[in-house]
Amino acid sequence: MPSSGRPDTVYYFGTCLVDLFYPEAGLAGMELLKRAGIRVVFPADQSCCGQPARNSGYFDEARAVALRQIKAFPQPWPIVVPSGSCAGMMKTHYPDLFEGRPEHEEAKAFASRVFELTDFLVNVVNIRLTDKGQPLTVTWHGSCHSMREMGVVDQPKALLRQLANVTLVENGREKECCGFGGTFAVRQPEISAAMVADKVTALEDTKAARVISGDCGCLMNITGAMGKKGSPMGGQHIAQFLLERVDG
Amino acid sequence: MGDFTSRAPAALNDPTLRANFRRAMDGLMSKRAAQFADKDAWESLRAQGAAAKARVVARLPELLEQLEANLTQNGIVVHWAETTAQANAIVLDILQKAGAKTVIKGKSMVSEEMELNHHLEAHGIRAVESDLGEYIIQLAGEAPSHIVMPCIHKNKAEIASLFEKNIAGLGYTEDVDALTAAARAALRGQFASADAGISGVNFAVAETGTLVLVENEGNGRLSTTLPPLHIAVMGIEKLAEKLDDLPALLSLLPRSATGQAITTYVNMISRPRQPGEKDGPKAVHVVLLDSGRSRVYADAQLQDTLRCIRCGACMNHCPVYSRVGGHTYKFVYPGPIGKILTPQLEGLDCAGDQPHASTLCNACVEVCPVKIPIADILVRLRAESVNSTGSGAVKGAGSMRKRLESLVWKGWAAMYGVPMLYRLGSWGLTRLGNWLPDSLPMLKRWTSVRTRPRFAAKTLHELARDKGYDHE
Amino acid sequence: MSETARANILARLRAAPRQMVPDRPDWTPPTYGEGRLARFRAMLEAVHGEIHEVTTEDWAERISVLLADRGATRVMVPPGMTLPDGLVAVPYDQPVEELKAVLVQGVEAGITWAKAAIADTGTLVLWPDADEPRLLSLLPPIHVVLLRLGSLVDNLAQVMAEQTWAAGMPTNALLISGPSKTADIEQTLAYGVHGPKELIVLVLTDA
Ligand code: SF4
């Protein structure tokens, strides 16, 4: 979105993982936008960005699903996504997927409207948060795709730092992959297990109460591993966390 | 031996190996980060390096001819080999004609590709590795586990025992200076008596016919200077167009590899010994090896693989490599570059699982000094392995295709591509998904170290409508 | 065999789809202005090199002091270079085949001139020739380099351009940055693995 100001209306792309497993996180993101005075439209025909198929090498299937999303968001409004990974798929890989095809221009135009949620809240909405919660220490896990495909590194931390009663502690392996990787977790279960074990250790070392992340794939992996080992730590999507804090 | 996936657990369950790699990779990452602390300087330098190598790829056939002409004019003999077998035969022939019995070697990954040492040994020629790391693994009878630091998988104690066993008169010592001195002493005589030196090449400059070799130890200079004969082996892609490309490339390579501003030595060789000169080999040969590279070149997307300058940064930053180490990959090139190069050189039928051994985290892409889109190529190779593009660009395309899997994806595309089906499917999953049996293979693998994810009672679609959001 | 291989390889490469040849983007290598010598010194010292400022008058004396400190007496030099009393100058005046034993075991130091030096990376540029052969800077355990301050430049691109390298490369050109080293054992630095253990640079500040 150009710096010319915030839009009146945005689209919201919930992502398939949020839709089925973390709808509250998705809803929280919509609520934050709504409270900032923005009309949020949630197209009923949306489903999945197509990343699982693309990453597995099934390009035709990925294109079929991607095209359906492109059609579901016809207006020129920004498309806000509560996941750096799905946003990265739409922003960087839609144009590649349709390279040399009639839909290429459409895919590029769509891609140019895609925003990761925290980036949108910070750089477009310029949101101001008032923390009403109890003192709490948290740490941040940035997803690989949010960092490296969407350039989202500081935005979520800037949001967390707006919260007066929240202490953000950095963890030693912040930029290292948690080992989720979609089908990787089940195709390479041993390596994935080793990666998530190291990730959990690095997070626990911060002594934070919760790990906050902007991607539910990572969270499913990390909190799943925490739960299995009986870690005292929990995890939460940043949208849900922010909403919880401003509601007190 | 099995495939990558089945080899991984042995490495994962070896705490010494895990610790050795972890320590080494953490150190290398922080050293590299210190070199490129200025992001703007890094981006512009990298753009220069990427362009230099992209130009080589774009003009490869012309540049090879130009290189050949200039090398020849300089008095360096050029040989071409389509396969590693041909390259081995060429090297052997040169050595035999010179009556060579012993060869001293500088570090060369292409010679590893050729398994040159074995070939020479089989024909009665002894090849001694002189790079300290290569020397160590030669003593251990192992293969390199990293393309820049071949014995990175070994710790001091392991090397101390190895030296104690193999170097006469040296007791057990973990003192690195003492170990280094022992290797120096053991190898000095080998250098003096070797009949030939064999090296790799980091950049061959087409414009001037110059072979550029970078190193820290001086063994590369010794191998290419002291013996009367020098043979360099190189892949056909290891070119630079002009000398002007070297400043950026020579800055990127060591900083990316080991976090050094420059290597101790940059050795630029343009000729054999000239009349009046007192040292240097009297004959210099270059073997240009294809071994699958021209096939990589045949595809517009995949040919970016050939930009690689073998800095190793991608493996240093790879969360998979740092946990399983180099030997798990089994082939010469491990880590992300190996995952894209090996299946292309050897075929997807041999190494088709390697492109899948990645989370696509893009850590490698972020650090690659010549901007190889490693993650995109991994995904492309996944597609080739199930033959979904039909391009046939890679040997063994389709070798991993399973009928059930492709059916599953067809079903997936139907469910997620048709809104009505998705509404039905997601409604069903939220109502019934949590009753799926734990014994499903995917779930079993997931829950081996994680709790089972729970489907929400209602989808976001439903919640958004309930809350009155526009749902057009 | 090689002829057929050549034809086949080039044919395959020519048959491939050609990509656009990208332009070289603008890039300005770093410059140091007045801080050039300071940068050179800092970079060289960071890689374990030693650096001393001398003059055309006193460099030989400085060498004898520095080498005496190290107990080195037999020094290989370019033919014609004389050294103060106390040092034995061994000229590199025959082909390596005749001198191998001396070179490998018989001298404790070697002296060469540098053709130029690069501040950016603390690098010496050597173009070995008939008088200063390649091994002179490699086999003796101590390498002493004489550098004229006037030949110190900012970066590699500059030295290549000013000296028009592209017009004709020598048999061997060398960039040397510090003594020989390795980090192959647990990333622990050790010096003098195959080449010199010490690199001593004498900057002739009046030259
Ligand atoms: S792929 Fe890139 S990072 Fe990896 S070795 Fe090659 S040049 Fe280095």
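Protein chains get the first letters and strands the later ones, always in sequence-line order, with residue 1 at the start of each.
- For a residue to count as touching a neighbouring chain, one of its non-hydrogen atoms must lie under 4.5 Å from one of that chain's; by this rule B:A52 does not touch chain C.
- Proximity to chain B is absent for every atom of C:A15, based on heavy atoms less than 4.5 angstrom apart.
- From C:I9, atom CD1 reaches atom CD of B:E82 across 5.5 Å, with rounding to the nearest 0.5 Å.
- Heavy-atom distances place the side chain of B:Q260, and not its backbone, under 4.5 Å from chain C.
- Residue contact with chain B, scored on non-hydrogen atoms closer than 4.5 Å, involves the backbone and the side chain of C:K181 alike.
- In this structure, chain C has heavy atoms under 4.5 Å from both the backbone and the side chain of B:S44.
- With hydrogens and angles disregarded, a donor-acceptor distance shorter than 3.5 Å links the side chain of C:S2 to the backbone of B:W80.
- In this structure, chain C has no heavy atom under 4.5 Å from any part of B:L28.
- Neither the backbone nor the side chain of C:D120 comes within contact range of chain B, judged by heavy atoms closer than 4.5 Å.
- B:S294 and C:R12 make their closest contact through OG-NE, 2.6 Å (heavy atoms, listed as atom of the first residue, atom of the second, distance).
- Here the CH2 atom belonging to C:W127 is positioned 10.0 Å from the CE atom belonging to B:M268, to the nearest 0.5 angstrom.
- Using a 4.5 Å cut-off between heavy atoms, B:L222 touches chain C through backbone and side chain atoms alike.
- With values rounded to the nearest 0.5 angstrom, C:R6 atom CZ is found 13.5 Å from B:H79 atom NE2.
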Open item on the list: Using salt bridge (Lys or Arg N to Asp or Glu O under 4.0 Å), reason through B:D244 and C:R24 one step at a time and then give a plain yes or no.
Closed with: CA-CA 10 Å; B:D244 277 350; C:R24 289 183 180 80; over 6 Å; no
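- The distance from atom CD1 of B:I159 to atom CD of C:E186, rounded to the nearest 0.5 Å, is 7.0 Å.
- Each of B:K242, B:R188, B:K31, B:M149 has some count of heavy-atom pairs under 4.5 Å with chain C, and the biggest count is that of B:R188.
- Heavy-atom distances place no part of B:P228 under 4.5 Å from chain C, backbone and side chain included.
- Looking at C:E98, neither its backbone nor its side chain comes within 4.5 Å of chain B, counting heavy atoms on both sides.
- Counting only N and O atoms by type, the side chains of C:Y92 and B:D279 include a donor and acceptor under 3.5 Å apart.
- Contacts of B:E217 with chain C are made by both backbone and side-chain atoms, with heavy-atom separations under 4.5 Å.
- Heavy-atom distances place the backbone of B:D299, and not its side chain, under 4.5 Å from chain C.
- Within the 4.5 angstrom heavy-atom criterion, only side-chain atoms of C:M160, from C-beta onward, approach chain B.
- Remark: the C:S180 side chain and the B:R221 side chain contain no N/O donor-acceptor pair separated by less than 3.5 Å.
- Residue C:T182 holds its OG1 atom at 10.5 Å from CD of B:E215, rounded to the nearest 0.5 Å.
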Open item on the list: For a side chain to side chain contact (heavy atoms under 4.5 Å, CB included) check, start with the C-alpha distance between C:M169 and B:L243, then their side-chain angles and the critical distance, and finish with the verdict.
Closed with: CA-CA 10 Å; C:M169 288 292 280; B:L243 281 178; 3.7 Å; yes
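- Contact annotation for C:M20: only backbone heavy atoms (N, CA, C, O) come within less than 4.5 Å of a heavy atom of chain B.
- Of all the listed residues (B:A248, B:A50, B:G189), the one sharing the greatest number of non-hydrogen pairs under 4.5 Å with chain C is B:A248.
- For chain B, the nearby parts of C:L139 are the backbone and the side chain; heavy atoms of each come within less than 4.5 Å.
- Minimum heavy-atom separation, C:P133 to B:K278: CG-CB, 3.9 Å.
- Looking at B:R59, its side chain never comes within 3.5 Å of a backbone N or O of C:V21 through a donor-acceptor pair.
- When heavy atoms are compared at a cutoff of 4.5 Å, B:L250 approaches chain C solely by way of its side chain, counted from C-beta outward.
- When heavy atoms are compared at a cutoff of 4.5 Å, C:V104 approaches chain B by way of both its backbone and its side chain.
- Contacts of C:P179 with chain B are made by backbone atoms alone, with heavy-atom separations under 4.5 Å and no side-chain atom involved.
- C:D69 CG: more than 12 foreign heavy atoms inside a 6.0 Å radius.
- Between the CD atom of B:Q86 and the CG atom of C:N8 there is a distance of 8.5 Å, given to the nearest 0.5 Å.
- Residue C:P29: no heavy atom, backbone or side chain, is found under 4.5 Å from chain B.
- In terms of non-hydrogen atom pairs under 4.5 Å with chain C, the most contact-rich of B:K154, B:Q274, B:E207, B:R273 is B:R273.
- Using a 4.5 Å cut-off between heavy atoms, C:T123 touches chain B through its side chain atoms alone.
- Neither the backbone nor the side chain of B:K53 comes within less than 4.5 Å of any heavy atom in chain C.
- C:P128 does not touch chain B: none of its heavy atoms, backbone or side chain, sits under 4.5 Å away.
- Contact annotation for B:L64: only side-chain heavy atoms (C-beta onward) come within less than 4.5 Å of a heavy atom of chain C.
- Only the backbone of B:T263 comes within contact range of chain C, with heavy atoms under 4.5 Å apart.
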